[in-house]
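Here's the structure, in structure tokens; my notes come after.
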Amino acid sequence: MDIECTVEKIKNAVLLAERMTGKNLSLPILHSLFLSTTGKSIRIRSTNLAVGVDIEIPAQVKKEGEVSINGATLSNVFGNLEDDTVVVLRQEGEHLLLQTEHTKTIINTFPLEEFPTLPVVEGESFTIEAATFAEGIRSVYFCAATTEIKPEIASIFIYAEQQTLFFVATDSFRLAEKKIKIKGLSDISKILIPYKNSADLLRVLDSLSGEVVIMFNKNQLSLFGGGIYFTTRLIDGAFPDYRLILPKEEETKVVLIKQELLSTLRLSNVFSDKFSHVLFSVSPTIKKVLLSARNTDVGSNESSVDAVIEGEAIEVSFNLKYFIDVFQALQGDSVALLFTKVNKPILVKSVQDTSFLYLLVPTNR
Amino acid sequence: MDNTTLWNACLTDVETQITKASFSTWFKNTYICTIEDGIVCVGVPNEFVKEWMFNKYQKMILKAIVERLDNIRGVNFVIRKHSVVEEKQKTIPPSIHQTPELPFRDIYINRDDNLNPRYTFDRFVVGPFNELAYAAAQAIIKRPQQAYNPLFIYGGSGLGKTHLIQAVGNEIKQLFPQKQVLYTTLEKFSNDYVISVQNNRQQQFRDKYRKYDVLIIDDIQFVSTKQSTQNELFHLFNTLYEQGKHIIFSSDKHPNHIIGIEDRLKTRFNAGMTIDVQEPDMESRLAIVREKSTQMSIPIPEETLSYIASSITGSIRELEGVLNIIGMHSEIKQKPVGLTEVKLLVKNSIKPKKIISIDAVVKLVSNYYNLDEQMIYEKTRRKEIVRARQIIMFILREDFNESYPAIGAKLGGKDHTTVIHSYEKIKNDLSTDPHLMKEIDDIRILFK
């Protein structure tokens, strides 16, 4: 192998691929990146047997060849090289020579034939903007359970209905749903992406622009676009029918300024107890929502937020952390809280954006 | 050779040909699913493994299998997760009846009012032992906040008090959805009160309990040791009563016999309707067993049902326990349990008939009446002693089936006719004298 390329191009690919090398596996070859050439490009492949990625970058190929090399070493080297220099990678026996204007590096390689191939997925497919897909996942993935006991909720649930793609995640204390309209989207089977792999998926999607093609069957999903092929294991299971628990009508509707509520919640967080309780008292008479938190070791805090309130007074307490989480996914500058009854879940929505909803189960006092 | 042995043999072959790391990465959790038409189907955990097996190890595996089994043409890979779990599940066929409610009973409790929706009147068996309580409950449902306020139901453990009062709550909730019902135990009420005192939220505590239209408090007898809870309960009672709200209590004793509660509470408990629930008689027990066995859908022949009803006396909860055991056994063995097996199963639940000596009876009764035990045996005709002696004779005859001469001989050499006379006398008095009836009931409780 003998190729020449700018550092900038290859660096990003190496850093991305290095993320997906197997960190704690017994098979040492999985710690490495697999570099190969195809005519006018170089391909970098890595996998940890849960996800896998194959990135193609244009380069000047003087001599074809394949090499596998420790991912951490290579990414550390590239991390310290200037972006605009030209780098030469040349295979010399058991080693890879990496040369720029000022540096010369020799790295040991691994035997080639051991490196696994990435599965090719056959099945249903659809096309979507990378940014849109990333938005859908990013809006909900923080809700997914992290337990290994219930793989079907430790995942992001994706399904399509009436040209709309639904993204859902829950850990049984809260649930987030994001709807994204996609013209011409045909009905597809349900997809369960493991929560553990969602960060890698987001990383890949963020490095892409334009459309990606997504192919999947019940065990595996792959994504192709912009020279990157990414594949992840899927969960073969059934997501709970969450629509049954969405409240149908609300008794009390409260609209608040998002930023005010967030800073008040953060203030209450200072005084929340170890269960992160905060008590919401909605008081229509004074047109305010009162938040109170108490920690016997620290102190207590009571704050109020001005609000537009329709309906009756109600008192509900929540886990603050779960409440603050939702703000990363809320668009717009005002937020609506829909209460039904004491001890019944509430809905959190953005007033401007109807595509996202968040269901939060109150805590027992 | 079965599939597991075959696969293990093949794996030992493969293990020698590749590195240990590769072997443990790729061949962990693999097994042979099926062998059909010369194609061996190997189950693998995920797509990565499937891909790699197919590309890299297919020939090696095929060679290892062909050496051990004839007529094999190829190897195929499928993704099968949790193979061990799946196989285990396969060996247990779907059970003949489901008892999902049993272990998770608490989950069904409504968090707003603590009522368990499972307790309804449809599932309530009415017999002579509880018909009065049932009638009072029905009257309340028809005219809540008017009839029998407060209703005080008492009786031994496991006789359906909780079921009855919760059913009242559920029924009222259904008929009058606007009415606010709360079911709580005295324990919970008391804890709630203590917490409110701790957090200085007594006003909230009071407001909370005073807003209900129907308040049901279970196991009220535990109030006896809690002085300030009694106080709070007293005021709560007055407030609710004045506003015409309905209050229902249950206890294991008559309010007058709960030691340590103040008289002002006692009189209030007695102000409405005080009804006891007794132990079910044989026919009621049979009806209960039949009802429960259909509820749990355990098929039990009539003969067995009547055996259970006749051998398990006392609490309904024990009947339920026995039915659970039988249900469990028939589920495991996949066939209805026969009478002989039932006899074996319930033998631990049957209470042995209590053997009690005449002396012990004498001691208990004389203690009850605050008399010196020795006086009973003496030839004295003092009124209070004669009365106690007669009661002893009556109980010995009625409850312990002693012979008249034996009783006479033991109690200071009385003639058997004296004993007969005493027995008859108490028996007659019982029908006219409610105090006497009460005393004898109390004494009988002491024997248990």
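The chains referred to below are lettered A, B, ... by the order of the sequence lines, with proteins before strands, and numbering in each begins at 1.
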Sort [X] into side chain, backbone, both or neither according to what part of it lies under 4.5 angstrom from a heavy atom of chain B.
X: V120(A); answer: both
X: L118(A); answer: both
X: T231(A); answer: both

| query | Looking at residues at least two apart in the chain, or sitting in another chain, which of them share a side-chain hydrogen bond (donor to acceptor under 3.5 Å, both in side chains) with N55(B)? | reply |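 Expected list: T117(A).
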| Whether F216(A) and F126(A) hold their rings parallel, tilted or perpendicular, with breakpoints at 30° and 60° |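 Answer is perpendicular, since the angle exceeds 60°.
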| query | Hey, what's the ring geometry for Y242(A) with F157(A), parallel, tilted or perpendicular (30° and 60° as the breaks)? | reply |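 The rings of Y242(A) and F157(A) stand perpendicular, inter-plane angle above 60°.
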| field | Region of K56(B) that comes under 4.5 Å of a non-hydrogen atom in chain A | value |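 Interface part for K56(B): side chain.
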| query | With a distance cut-off below 6.0 Å to the six-membered ring centre and an angular limit of 45° from the axis, does K179(B) pair with F176(B) as a cation-pi contact? | reply |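 Relative to the ring axis of F176(B), which defines the angle, K179(B) lies inside both limits.
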